[in-house]
Amino acid sequence: MLDPQFVRNQLDDVAKKLATRGLTLDTASLTDLENQRKLCQVKTQELQSERNRLSKEIGQLKAKGLDTAPTMAQVANLGEQLQASEAQLEQIQTQLNHILLTLPNLPHDSVPVGRSEEDNLEIRRWGEPKVLDFTVKDHVDLGAQLQMLDFEVAAKITGARFAVMRGGLARLHRALIQFMLDLHSQEHGYTEVYVPYMVNADSLQGTGQLPKFAADLFHIPEQNFYLIPTAEVPVTNLARDEILEQLPVKYVCHTPCFRSEAGAYGKDTRGMIRQHQFEKVELVQFVKPQDSYAALEELTGHAEKVLQYLELPYRVVALCTGDIGFSSAKTYDLEVWLPGQQKYREISSCSNFEAFQARRMKARWRNPETKKPELLHTLNGSGLAVGRTLVAIMENYQQDSGKIAIPSVLQKYMNGMSMIG
RNA sequence: GGAGAGGUGUCCGAGUGGUUUAAGGAGCACGCCUGGAAAGUGUGUGUACGCCAAAAACGUACCGAGGGUUCGAAUCCCUCUCUCUCCGCCA
């Protein structure tokens with residue numbers, strides 16, 4: 001959520017910045033609503049103050065054994081007015097609040113201005129796509145040939161956009177999770193956490209998925225729980241309604257992720273790129289506001305390190321104003337080279353949310369200089385999306401025979417095996 | 001799932017309708033005392049929002065959450081939630 005005071009006082013600036021995201025803010029009606037709010041709030045508080053004063057008087061009169069009837073009559077008059085005024089104020093505030101909750105974050109000044117992913121800015125590349133001297137297969141054909149990756153049986157058990165893995169491939173998938181968790185916790189200073197895979201609506205509002213993006217989530221109505229679309233939700237909400245004394249705090253967490261992919265019909269229907277259920281290792285940081293942009297570079301580097309150890313070619317892209325996510329002020333995507341598609345595809349997204357999520361969550365830290373609780377900054381990034389990493393390994397490490405070589409850093413997690421198939 | 005007990009500020013803890021403006025204690029901050037410290041002692045000590053150019057002052061709200069009763073609710077009623085104890089079930 002944007003700072004309501006900032007929106008109020010710098011409305012034109014806010015509108016201008018939101019416009020770069022392709023969003024038109026109706027400043028006139030917002031100003032109008034804000035003026036109504038101000039009038040109504042002042043009036044309500046005056047009436048409340050008057051009621052409190054008279055009620056106290058009644059108490060004092062009673063204590064002295066005096067007649068309270070005239071004062072009671074006076075306050076009775078107030079009652080109706082006050083009730084109406086309170087109701088009106090609540091209605092206005094609900095409207096204002098809903099608008100604020102559905103406004104996206106303001107992009108940082110360093111974010112390239114643009115309309116769509118076409119305008120994203122490539123920052124750097126690492127590694128060279130390998131030239132293979134045989135006909136390259138994609139992961140679907142490779143998996144089918146190995147009899148280790150099966151979409152048909154998953155469709156039977158559940159439906160479209162699910163996968164079943166067997167044998168060496170299932171194990172490689174698990175090895176990737178182990179490797180990533182070990183790397184980030186042992187070399188990058190993250191604390192490993194285990195969290196619930198179902199969350200309540202407050203948590204989703206805290207990180208920004210609700211109220212606007214309910215359609216993207218799997219919902220369990222009986223308990224009003226939601227399956228998490230990313231570990232970002234439970235892990236970031238660890239700081240909700242808390243005052244942290246020590247910053248930074250860095251967490252790494254492996255979870256499955258569940259996404260309805262509403263609106264993605266017909267997109268990436270082949271293979272494991274876009275599934276309803278996938279595994280991800282997520283990095284989350286809580287930092288002091290002044291440190292958050294340095295932390296974004298650092299966190300992105302941590303995610304890159306995974307690809308470097310796995311020797312997978314990739315590039316880093318700065319998302320433009322039109323392509324960054326709702327809650328983000330700045331995002332870098334890591335895109336890995338997929339020989340089967342002859343394309344770089346997103347495998348990680350690293351974002352600085354500044355105080356946007358913290359304000360929604362009331363996540364604060366105690367600033368030793370002011371000794372006051374202040375909003376902290378939150379960041380997260382995939383480190384990495386496990387399913388897509390598996391796809392990248394299959395396609396980049398494939399042999400002419402259809403077997404898959406195992407990257408050397410993963411072999412110790414695979415009982416020393418060097419090849420699948 | 002059944003029965004019961006609870007949730008009060010940074011922490012402990014009192015408070016069953018009206019000077020509660022949330023007692024008291026601990027902690028913390030700043031004084032005093034001291035050669036210095038401890039002890040002792042005094043003062044202060046939450047959050048959010050509004051008003052304001054801003055600050056101060058002032059006002060409003062906040063005792064797990066949401067409703068209700070009342071002129072007035074931490075206190076009474078209802079619903080929900082979380083924690084603990086016992087029983088049942090269970091990986």
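Just so you know, these numbers come straight off a predicted model, no measurement behind them. Proteins get letters first, then strands, A, B, ... in listed order; numbering begins at 1 in each.
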With 3.5 Å as the limit, what N/O pairs link the protein to nucleotides 47-56 of chain B?
residue, atom, partner, partner atom, Å
B/U47, O3', A/R364, NH1, 3.3
B/C49, O2', A/Q41, NE2, 3.3
B/G50, OP1, A/R8, NH1, 2.4
B/G50, OP1, A/R8, NH2, 2.7
B/G50, OP2, A/Q5, NE2, 3.1
B/G50, O4', A/Q41, NE2, 3.1
B/G50, O3', A/R37, NH1, 3.4

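With rounding to whole Å, A/L82 atom CG is found 12 Å from B/U60 atom P. As rounded to whole Å, 16 Å separates atom P of B/C71 from atom CD of A/E57. Note: CD (A/E86) to P (B/G66) measures 14 Å, nearest angstrom. In this entry the distance linking CG of A/N200 with C1' of B/A65 reads 12 Å, nearest Å. As a whole-Å value, the separation of A/D202 CG from B/G66 P is 11 Å. When rounded to the nearest whole Å, the span between CZ of A/R53 and P of B/U19 equals 16 Å. The CG atom of A/D241 sits 12 Å away from the P atom of B/U10 (whole-angstrom rounding).
Comparing B/A65 with B/A74, their P atoms are spaced 12 Å from each other, to the whole Å. Taking the C1' atom of each, B/G66 and B/C28 are spaced 35 Å apart, rounded to whole Å. Straight-line distance between the P atoms of B/U20 and B/G24: roughly 11 Å, to the nearest whole Å. Here the separation of B/U79 from B/G25, taken at their P atoms, is 39 Å to the nearest Å. Between the P atoms of B/G18 and B/G72, the separation comes to 14 Å (whole Å). Taking atom P in both B/U70 and B/C58, the straight-line distance is 33 Å, to the nearest Å. For the P atoms, the distance linking B/A39 with B/U45 amounts to 23 Å, nearest Å. On the C1' atoms, B/U8 is 29 Å away from B/G2, given to the nearest whole Å.
No close placement of the A/H254 and A/Y194 rings is indicated, their centers lying 6.0 Å or farther apart. Taking the ring centroids of A/F225 and A/H219, they lie at or beyond the 6.0 Å cut-off. Here A/F356 and A/F326 bring their ring centres to under 6.0 angstrom of each other.
Expressed to the nearest 0.5 Å, how far SG of A/C40 lies from CD of A/Q45 amounts to 10.0 Å.
Side-chain nitrogen and oxygen atoms of A/S49 include at least one within less than 4.0 Å of the OP1 or OP2 phosphate oxygen of B/U60. In this model, the phosphate group of B/A61 is approached by a side-chain N or O of A/R51 to a distance below 4.0 Å at OP1 or OP2. OP1 and OP2 of B/G72 both lie 4.0 Å or more from every side-chain N or O belonging to A/N52.
At a threshold of 4.0 Å, the pair A/E335-A/R345 does not count as salt-bridged, since none of the basic side-chain nitrogens sits closer than that to a carboxylate oxygen. Using a 4.0 Å cut-off between charged nitrogen and carboxylate oxygen, A/D241 and A/R364 do not count as a salt-bridge pair. Look at A/E282 and A/K280 and you find a salt bridge, because one of the NZ, NE, NH1 or NH2 atoms lies within 4.0 Å of a carboxylate O, short of that distance.
Pairing for B/U85 goes to B/A3, judged as Watson-Crick or G-U wobble with the two contacts each under 3.5 Å. Pair assignment for B/G17 gives none, since no Watson-Crick or G-U wobble pairing has each distance under 3.5 Å. In this structure, B/U60 and B/A48 make a Watson-Crick or G-U wobble pair, each of the two defining distances being under 3.5 angstrom. As the counterpart of B/G66, B/C78 is assigned, both hydrogen-bonding distances of the Watson-Crick or G-U wobble pattern falling under 3.5 Å. With a 3.5 Å ceiling on both atom-pair distances, the Watson-Crick or G-U wobble partner of B/C30 is B/G42. With a cut-off of 3.5 Å on both Watson-Crick or G-U wobble distances, the partner of B/A55 is given as none.
Residue-to-nucleotide proximity on RNA chain B shows that, of A/Q48 and A/K56, the 5′-proximal contact is made by A/K56.
Checked against A/H108 for a ring-ring contact (aromatic ring centres under 6.0 Å, His included), the options A/Y332, A/Y293, A/F353 give a single hit: A/Y293.
Heavy atoms of A/Q60 sit nowhere under 4.0 angstrom from any nucleic acid atom. No engagement by A/L54 is indicated, since no non-hydrogen atom pair under 4.0 Å with the nucleic acid exists.
Below 30°, between 30° and 60°, or above 60°: for A/Y190 and A/H188 the angle between ring planes is above 60°, a perpendicular geometry.
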